[in-house]
Amino acid sequence: MLRVQFAPEDIAGVRVAAGPDHLWEIVNSFQGLFEGGDALSFGPWRQLVRPRLGGPADRLLSGLLPGRGYFPGFLAPTPGNGRELAAALDTVLGTSHTALRRDLVLLAASPHRRRPLPDLARSLADGEPEALRRLGTALHGHHRRAIAPCWPQIRARVDADQAARARAVLAGGTDGLLRASVPCCAGVRRCWRPTVASTAKSAWRGGGWCCNPSSAPAHPSPWPFPRPTGRRC
């Protein structure tokens with residue numbers, strides 16, 4: 001269970017992101033291709049995208065993005081950067097060598113990893129420019145095939161979700177916002193326990209919490225499986 005500890009200043013910093021984040025859409029949609037949730041809503045999309053997979057770029061992403069459990073932190077969005085695809089990818093490709101190596105070591109040790117690490121893992125950990133270029137190409141290619149054709153629908157559903165979260169804030173303040181984001185959470189006066197399988201315990205003080213709006217009504221992510229989409233801001 002992921003347990004997020006809130007200090008008073010964190011409560012004051014809770015807000016809703018201004019729009020969908022390109023990097024979250026890439027990461028969560030790629031993982032969602034291999035999960036079986038919500039076949040009624042996402043089955044046709046999977047049937048359209050899956051036949052296009054299989055090249056080296058997709059094998060690279062499949063090794064970095066397991067369907068469950070840990071994935072490298074350098075692929076998680078930086079708040080405020082994700083509304084433009086180019087800016088989001090530039091941030092990923094600008095990750096320090098130290099962070100690349102740390103995150104890939106954590107991925108290698110993850111008990112949930114069911115696929116082998118990609119062949120480029122060592123080169124990525126060393127920050128080799130060609131390996132980073134290939135990662136950027138893979139992320140951009142998945143966005144082009146799987147996300148860009150659906151972007152108007154994603155944008156429309158996010159707009160509707162933002163309106164619902166605004167009503168939740170007006171009715172219940174920050175507690176109402178987080179309860180609307182994850183209906184079974186236990187409240188935020190001292191801590192918030194979203195129902196996400198994790199062994200991590202985090203105490204973030206002073207940074208605030210950013211809730212990514214959803215393009216599907218029941219999830220903090222548009223893709224059909226539960227995962228935290230909050231980020232320290």
> Using modelled atom types only, decide if a donor and an acceptor are shared between the side chain of Ser110 and the backbone of Leu106 within a distance under 3.5 Å.
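No, Ser110 side chain to Leu106 backbone: no donor-acceptor pair under 3.5 Å.
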> How close do Gly32 and Arg46 get, heavy atom to heavy atom, and via which atoms?
O-NE, 2.9 Å
> Run the numbers on Leu64 and Leu104 for side-chain contact (heavy atoms from CB on, under 4.5 Å), then give the verdict.
CA-CA 8 Å; Leu64 294 174; Leu104 289 168; 3.7 Å; yes
> Excluding sequence neighbours, so at least two apart, what forms side-chain hydrogen bond (donor to acceptor under 3.5 Å, both in side chains) with Glu130?
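For Glu130 the side-chain hydrogen bond (donor to acceptor under 3.5 Å, both in side chains) partners, ignoring immediate neighbours, are Arg133.
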> Less than 3.5 Å apart, which donor and acceptor atoms pair up between the side chains of residues 117-125 and the rest of the protein, not counting sequence neighbours?
{"unit_1": "Ser123", "atom_1": "OG", "unit_2": "Glu128", "atom_2": "OE1", "d": "3.4"}

> If I compare all heavy atoms of Leu132 with all of Gly127, which pair ends up nearest, and what's the gap?
CD1-O, 3.8 Å
> Supply the atom-to-atom distance Ile26 CD1 to Leu75 CG, rounded to the nearest 0.5 angstrom.
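That separation rounds to 9.5 Å.
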> The criterion is side-chain hydrogen bond (donor to acceptor under 3.5 Å, both in side chains); which residues satisfy it with Arg145, sequence neighbours excluded?
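For Arg145, the residues satisfying side-chain hydrogen bond (donor to acceptor under 3.5 Å, both in side chains) (neighbours in sequence not counted) are Asp58.
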> With a 4.0 Å cut-off on N to O distance, would you call Asp159 and Arg155 a salt bridge?
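Yes, this pair counts.
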> Measure across Gly73 and Asp103 and return the closest heavy-atom pair with its distance rounded to 0.1 Å.
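So the two residues come closest at N-OD2, 3.3 Å.
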> As an exercise, state the distance from NE2 of His140 to CG of Leu135, rounded to the nearest 0.5 Å.
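Nearest 0.5 Å value for the NE2-CG distance: 13.0 Å.
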> The criterion is side-chain hydrogen bond (donor to acceptor under 3.5 Å, both in side chains); which residues satisfy it with Arg113, sequence neighbours excluded?
none
> Just verifying a value: how many Å separate Leu89 CG and Glu84 CD, rounded to the nearest 0.5 Å?
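One finds 11.5 Å between CG of Leu89 and CD of Glu84.
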> Evaluate the side-chain proximity of Phe30 to Ser62: yes if any heavy-atom separation is below 4.5 Å, no if none is.
yes
> Residues in side chain to side chain contact (heavy atoms under 4.5 Å, CB included) with Ala99, at least two apart?
Thr95, Ser96, Arg102
> Please report the interatomic distance CG(Leu107) to CZ(Phe71), rounded to the nearest 0.5 Å.
10.5 Å
> Would you indicate whether the side-chain heavy atoms of His142 and Ser29 approach each other to under 4.5 Å?
yes
> Kindly give the heavy-atom pair with the smallest separation between Pro149 and Ala146, and that separation in Å.
CD-C, 4.1 Å
> For Asp126, give me all partners under side-chain hydrogen bond (donor to acceptor under 3.5 Å, both in side chains), at least two apart in sequence or on another chain.
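side-chain hydrogen bond (donor to acceptor under 3.5 Å, both in side chains) check on Asp126 returns Arg101.
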> Classify the ring geometry of Trp151 against His22: parallel below 30°, tilted from 30° to 60°, perpendicular beyond 60°.
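Trp151 and His22: parallel rings.
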> Are the side chain of Arg115 and the backbone of Leu65 linked by a donor-acceptor contact shorter than 3.5 Å?
yes
> Nearest 0.5 Å please: distance from the CZ atom of Arg134 over to the CG atom of Leu60.
7.5 Å
> Quick one: closest heavy-atom pair of Cys150 and Trp45, and the distance?
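Minimum heavy-atom separation between Cys150 and Trp45: SG-CD1, 3.9 Å.
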> From Thr137 OG1 over to Leu93 CG, what is the distance, rounded to the nearest 0.5 angstrom?
8.5 Å
